[in-house]
S.K.: 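What follows is a single structure, and I will ask about it in a moment.
Please read these numbers as outputs of a predicted model, since none were measured by experiment. Sequence lines set the chain letters: A, B, ... in the order given, protein chains first and strands last, and positions in each chain run from 1.
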Number of protein chains: 2
Amino acid sequence: MSTAPFTIYLVDDDAGVLKALARLLTSHGYDARTFTSARDFLDAHDPALPGCAVLDVAMPDLDGLQLQQALAEGGAGRPVIFVTGRGDIPTSVRAMKAGAADFLTKPVKEEDLLDAISRIREREALLHHERQELQAVRSRLATLTPREHEVLTHVIAGRLNKQIAFDLGTVEKTIKVHRGRMMEKMGVRSVAELVRMAERAGIRPPET
Amino acid sequence: MSTAPFTIYLVDDDAGVLKALARLLTSHGYDARTFTSARDFLDAHDPALPGCAVLDVAMPDLDGLQLQQALAEGGAGRPVIFVTGRGDIPTSVRAMKAGAADFLTKPVKEEDLLDAISRIREREALLHHERQELQAVRSRLATLTPREHEVLTHVIAGRLNKQIAFDLGTVEKTIKVHRGRMMEKMGVRSVAELVRMAERAGIRPPET
DNA sequence: CAGACAGTTGGCCCAAAGGCCAATATGCCC
DNA sequence: GGGCATATTGGCCTTTGGGCCAACTGTCTG
């Protein structure tokens, strides 16, 4: 079933549930890891690794929804599936609004959980390429000198070298040099490519 | 409470519920319209007008979730709030996955419904400007001749006039003319602006 | 048929972008 | 102090983009 590494982080204060789910997932080829508390999970969690979290809603100390929020604040878009014994509609709605991928009720039907994980894997696969590209763009951006970065923002605003020079208090020739080096470092050969790249990386042109 | 026109489309097979909700909303300044069946609503619905739908989940013939799907297929991003008497978690989850803004249980607390509507209004207000711009871009696109549109796609790919000419089987001079007229019609003065505009309108450069 | 529109092309000229080589100035690290 | 990165500027030349005027062709419509 599973080929690429994909870890399922199981978090539930009931060791029996953990064990049962872990066995189910492991038997389907997943790398299942279990945690009996939200803290344990957060401490050991590496947002960079592929996978998804399966969280119990009701847990002492930090509950499932709080853990979900902590994950979201961590910046990583770690997908979350909730599993609950005594959940109610308002809770499920809150979880879904907060971005949960699914919200299942105990006893969990094996098929439901496997399907949910499967859908997440598909979505993650689609997002993977995009994230890689974003990372590549960011690392290129990091190689720009402050001046080059500044020129970049003016270029994606569609300004002429002449105008940029005026804005930065220098002459056109200087801008041409920065611009050329910036294009070289960013690995693009046209303003169109540069704009698209900057757009995805969230770089915005200066207001003025 | 309400200033700009914002219609609430209430759909419920229970006339009593409709009346109660309509009175509540009307007293808060909303333009509430009631429908006792999904069909009635769909027939009278204009996706272009601002507002949101408050749907009962359980209705004969076409139920709330089906109606939500019908609205989504209609292309309009009409926000939907569900209200249900005997809902369960799986149903609420399905509704939220399908894009519902909220899912409330009867008896509906007045505050909950008003808050939900209020959040929708805020979000719609933010989306409004973007939609207006998208519409403006599309109407400009509609004024382009087929050739100009084709040139546009090549320009946003960052191709040189010379290359575009080769691809389209003509000469550079011709491309310059189309390009100039296209830029004029699109109301932009730089490739950067054009790329951003096209990006938002979903125009993609040709593969080759 | 006349006229409008789309598409095409040429010539002319200017503005803008960008490459190549060289040079200067500053600040920082070893 | 020497080396290195950054920023700056100049000159020179080529390519590219783009505006203006003019002209020709084909299609479609009143």
Side-chain angles (χ1 to χ4, degrees), chain A residues 136-199 201 203-206 208, chain B residues 136-199 201 203-206 208:
Chain A
V137 173
R138 285 194 206 273
S139 44
R140 278 178 212 156
L141 278 171
T143 70
L144 298 182
T145 69
R147 208 54 161 169
E148 285 163 359
H149 190 280
E150 204 165 8
V151 170
L152 181 150
T153 67
H154 283 78
V155 170
I156 63 175
R159 302 224 211 302
L160 299 180
N161 290 339
K162 179 186 297 189
Q163 299 172 318
I164 301 172
F166 179 79
D167 290 345
L168 300 190
T170 181
V171 297
E172 186 180 350
K173 177 66 212 194
T174 306
I175 299 304
K176 282 188 181 183
V177 174
H178 289 314
R179 182 173 181 155
R181 282 204 272 260
M182 175 273 288
M183 296 291 279
E184 168 72 28
K185 286 182 179 177
M186 295 304 291
V188 296
R189 306 188 66 187
S190 68
V191 175
E193 290 174 77
L194 185 71
V195 170
R196 248 192 292 279
M197 190 173 282
E199 198 81 352
I203 310 277
R204 299 294 161 198
T208 30
Chain B
V137 173
R138 285 194 204 277
S139 45
R140 279 177 210 157
L141 277 172
T143 69
L144 298 183
T145 68
R147 207 54 161 168
E148 285 163 358
H149 191 281
E150 203 165 10
V151 170
L152 181 150
T153 66
H154 283 78
V155 170
I156 63 176
R159 301 224 212 301
L160 300 179
N161 289 339
K162 182 187 296 189
Q163 299 172 318
I164 301 172
F166 179 80
D167 290 346
L168 300 189
T170 180
V171 297
E172 188 181 348
K173 176 67 212 194
T174 306
I175 300 303
K176 283 188 178 182
V177 174
H178 288 315
R179 182 173 181 156
R181 283 203 272 258
M182 176 272 288
M183 296 291 279
E184 168 72 28
K185 286 182 179 177
M186 295 304 291
V188 295
R189 305 186 65 189
S190 68
V191 175
E193 290 174 76
L194 184 71
V195 169
R196 247 192 291 282
M197 189 173 282
E199 197 81 353
I203 310 280
R204 299 295 162 197
T208 31

S.K.: Expressed in angstrom and rounded to an integer, what is the separation of B:I175 atom CD1 from D:dG17 atom P?
M.R.: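 Rounding to the nearest Å, CD1 of B:I175 and P of D:dG17 are 11 Å apart.
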S.K.: Can you check the B:H178 NE2 to C:dA6 C1' distance for me, whole Å?
M.R.: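 Rounded to the whole Å, the gap is 8 Å.
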S.K.: Judged by each residue's nearest nucleotide on DNA chain D, which is more toward the 5′ side, A:V171 or A:K185?
M.R.: A:K185
S.K.: Rounded to whole Å, how long is the line connecting atom CG of B:L144 with atom C1' of C:dA6?
M.R.: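 Whole-Å distance recorded here is 13 Å.
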S.K.: How many angstroms lie between atom CG of B:L168 and atom NE2 of B:H154, to the nearest 0.5 angstrom?
M.R.: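 The distance works out to 5.0 Å.
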S.K.: Could you please spell out the steps behind the side chain to side chain contact (heavy atoms under 4.5 Å, CB included) verdict for A:V151 and A:R181?
M.R.: CA-CA 10 Å; A:V151 170; A:R181 282 204 272 260; over 6 Å; no
S.K.: Can you tell me how far P of D:dG17 sits from CE of B:M182, to the nearest Å?
M.R.: 12 Å
S.K.: Hey, does A:T145 reach any base, or is it just sugar-phosphate, or nothing, if we go heavy atoms under 4.0 Å?
M.R.: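 Since only primed, P, OP1 and OP2 atoms lie under 4.0 Å of A:T145, the category is sugar-phosphate.
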S.K.: Once rounded to the nearest 0.5 Å, what's the spacing between atom CZ of B:R147 and atom OG1 of B:T174?
M.R.: 8.5 Å
S.K.: State the OG1-CD1 distance between A:T153 and A:I164, to the nearest 0.5 angstrom.
M.R.: 8.0 Å
S.K.: Using a cut-off of 4.0 Å between protein heavy atoms and nucleotide atoms, how would you tag nucleotides 14-22 of chain C 5' to 3' with B, S and -?
M.R.: --SBBBB--
S.K.: If you measure from CZ on B:R179 to CG on B:N161, what distance do you get to the nearest 0.5 Å?
M.R.: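 The CZ atom of B:R179 sits 4.5 Å away from the CG atom of B:N161.
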S.K.: Separation of B:Q163 atom CD from D:dT15 atom C1', in whole Å?
M.R.: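 Checked: the CD to C1' distance equals 12 Å.
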S.K.: A:E148 has an atom CD; how far is it from atom P of D:dA5, in whole Å?
M.R.: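 Distance, rounded to whole Å: 13 Å.
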S.K.: Starting at atom CD1 of B:I164, determine the distance to atom C1' of D:dG17, rounded to an integer number of angstrom.
M.R.: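 So the two atoms are 11 Å apart, to the nearest Å.
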S.K.: Tell me if the CD atom of B:E184 is crowded by more than 12 foreign heavy atoms within 6.0 Å.
M.R.: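 For B:E184, atom CD is not crowded (no more than 12 foreign heavy atoms under 6.0 Å).
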